[in-house]
2 protein chains.
Amino acid sequence: MLTIGELSRQTGVKIPTIRYYEQMGLMDAAERSEGNQRRYTREEQDRLSFIRHARDLGLTIEAIRKLIDLSAHPERPCADADRIASEQLQAVRAKIEKLKRLESELERIATHCHGDQVKDCYVIRALANHELCEHEH
Amino acid sequence: MLTIGELSRQTGVKIPTIRYYEQMGLMDAAERSEGNQRRYTREEQDRLSFIRHARDLGLTIEAIRKLIDLSAHPERPCADADRIASEQLQAVRAKIEKLKRLESELERIATHCHGDQVKDCYVIRALANHELCEHEH
DNA sequence: CTTGTAGCTCTAGTTGCTAGAGGTGTTACG
DNA sequence: CGTAACACCTCTAGCAACTAGAGCTACAAG
Ligand SMILES: [Zn+2]
Ligand SMILES: [Zn+2]
Ligand SMILES: [Zn+2]
Ligand SMILES: [Zn+2]
């Protein structure tokens, strides 16, 4: 049995975050010591690692909750899990596209100022005038 | 003079958001009608467009506040404005890099499942085991 | 048996809005 | 001039996913 501090060190998840995941129903309410402190099993450590990995990949708490529910039913079809993964892939790709458009505008904005007073500053002018932009955003 | 609704339509910024910007000190407290309703000038519309454009480019409220303060002093050097723009560019590039790493992991995860039961699902296995990943994240 | 570290609960703060309740102002039409 | 429809007002609370702090209790080492 691990204390919450040991679990935190093992998984790299901060202590308040572990308690938050319990509150959100991602982690089951842990067993307690005589003195009301949480004690974790190896399986609970695995689950927390799963959660952390999914969070690192950008999945929402809600999506992770669904995946955990699915894992509890190994005989069911996995289409839902597969869909969650591809939706996340789509979402990440959409974000990348949007950020790339921002990158190109910001590169122009951040590299074209040759004035040294605010009244001549290209940054300020570019922000005031979207006409200078190449794309919508 | 524009009402808040007209200003909203002109700039594409929602009414509660305009009031929020006033609360955050990005917009000055607007002049009021007899009956206590906000009335805006053309300059205030320009400022709101500036704010919206900066937000669309991902700048934080805090950064925008600094840019507005700078604009009020046209004789000062613009180095601070230039720095804000390049920091934002750096931040956007860092996000893109991170998301690209996620994209490659997620592509693998989302396209490798050929089972149809949860117990054989590659998505679930991949999330449980970061060893299967190519990069850190 | 004391001391220091680790744990507990509960509340509030972060960012940038957005929604709703409950009330008032403004305007156009008849 | 009255009234209906619509726009606007303030204030509070909610979202996501934590994070920080106050004030308290448990546990392990010496
Ligand atoms: Zn400049
Ligand atoms: Zn633009
Ligand atoms: Zn699958
Ligand atoms: Zn991984």
Side-chain angles (χ1 to χ4, degrees), chain A residues 1-27 29-40 44-45 48 50-68 84 87-88 91-92 95 98 102 137, chain B residues 1-27 29-40 44 47-48 50-68 84 87-88 91-92 95 98 102 137:
Chain A
M1 299 296 262
L2 301 161
T3 66
I4 199 168
E6 287 160 353
L7 181 66
S8 170
R9 259 165 269 132
Q10 296 291 318
T11 58
V13 178
K14 288 181 190 150
I15 292 172
T17 306
I18 298 173
R19 294 198 274 246
Y20 170 74
Y21 289 157
E22 179 181 317
Q23 226 184 293
M24 294 298 102
L26 293 190
M27 295 292 288
E31 202 178 316
R32 300 291 181 121
S33 73
E34 290 275 304
N36 199 37
Q37 300 192 348
R38 290 172 180 80
R39 292 295 126 96
Y40 293 94
E44 288 173 308
Q45 178 178 335
L48 185 56
F50 180 98
I51 294 167
R52 158 134 216 227
H53 196 205
R55 284 294 302 129
D56 284 349
L57 288 163
L59 291 168
T60 63
I61 300 275
E62 193 44 37
I64 298 171
R65 211 197 316 272
K66 281 185 197 143
L67 288 169
I68 288 173
I84 286 169
E87 281 171 5
Q88 179 61 12
V92 166
K95 277 188 191 166
K98 191 164 178 216
L102 293 196
H137 25 231
Chain B
M1 299 296 262
L2 301 162
T3 66
I4 200 169
E6 287 159 353
L7 182 66
S8 170
R9 261 166 269 135
Q10 295 291 320
T11 57
V13 179
K14 287 181 189 150
I15 291 172
T17 307
I18 298 173
R19 293 198 276 247
Y20 171 74
Y21 289 157
E22 179 181 318
Q23 226 184 292
M24 293 299 101
L26 294 189
M27 295 293 287
E31 204 179 314
R32 298 295 179 117
S33 73
E34 290 275 304
N36 198 37
Q37 299 191 353
R38 290 172 179 82
R39 291 296 124 94
Y40 293 95
E44 288 174 307
R47 177 182 284 198
L48 185 56
F50 180 98
I51 294 167
R52 160 134 213 226
H53 196 204
R55 284 293 302 131
D56 284 349
L57 288 163
L59 291 168
T60 63
I61 300 277
E62 193 45 37
I64 298 171
R65 211 197 316 271
K66 281 183 196 145
L67 289 169
I68 289 173
I84 286 169
E87 281 172 6
Q88 179 61 12
V92 166
K95 277 188 190 165
K98 192 165 177 215
L102 293 196
H137 23 232

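Computed from a prediction, not measured in an experiment: that's the story for all the values here. Order of the sequence lines fixes the chain letters, A, B, ..., with proteins taken first and strands second; residue numbering starts at 1 for each chain.
At whole-Å resolution of the value, CD in Glu34(A) and C1' in dA28(D) are 16 Å apart. Separating the CG atom of Leu26(B) from the P atom of dG16(C) is a distance of 9 Å, rounded to the nearest angstrom. Here the C1' atom of nucleotide dT26(C) and the CG atom of Leu2(B) are 16 Å apart, to the nearest Å.
Taking all atoms of both residues into account, the shortest heavy-atom contact from Arg39(A) to Ala30(A) is O-CB, 3.9 Å.
With sequence neighbours excluded, no residue forms a side-chain hydrogen bond (donor to acceptor under 3.5 Å, both in side chains) with Arg19(B). The side-chain hydrogen bond (donor to acceptor under 3.5 Å, both in side chains) check on Glu31(A) picks up nothing, with sequence neighbours excluded.
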Where protein sits on nucleotides 1-23 of chain D, one letter per nucleotide: B base, S sugar-phosphate only, - none, heavy atoms under 4.0 Å: -------SSB------BBS----
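At a threshold of 4.5 Å between non-hydrogen side-chain atoms, the residues Gln37(B) and Ile4(B) do not count as touching.
In this structure, CG on Leu59(A) lies 11.5 Å from CD1 on Ile51(A), to the nearest 0.5 angstrom. Ile64(A) contributes atom CD1, which lies 7.5 Å from atom CZ of Phe50(A) (distance to the nearest 0.5 angstrom).
OP1 or OP2 of dC27(D) sits under 4.0 Å from a side-chain N or O of Ser33(A).
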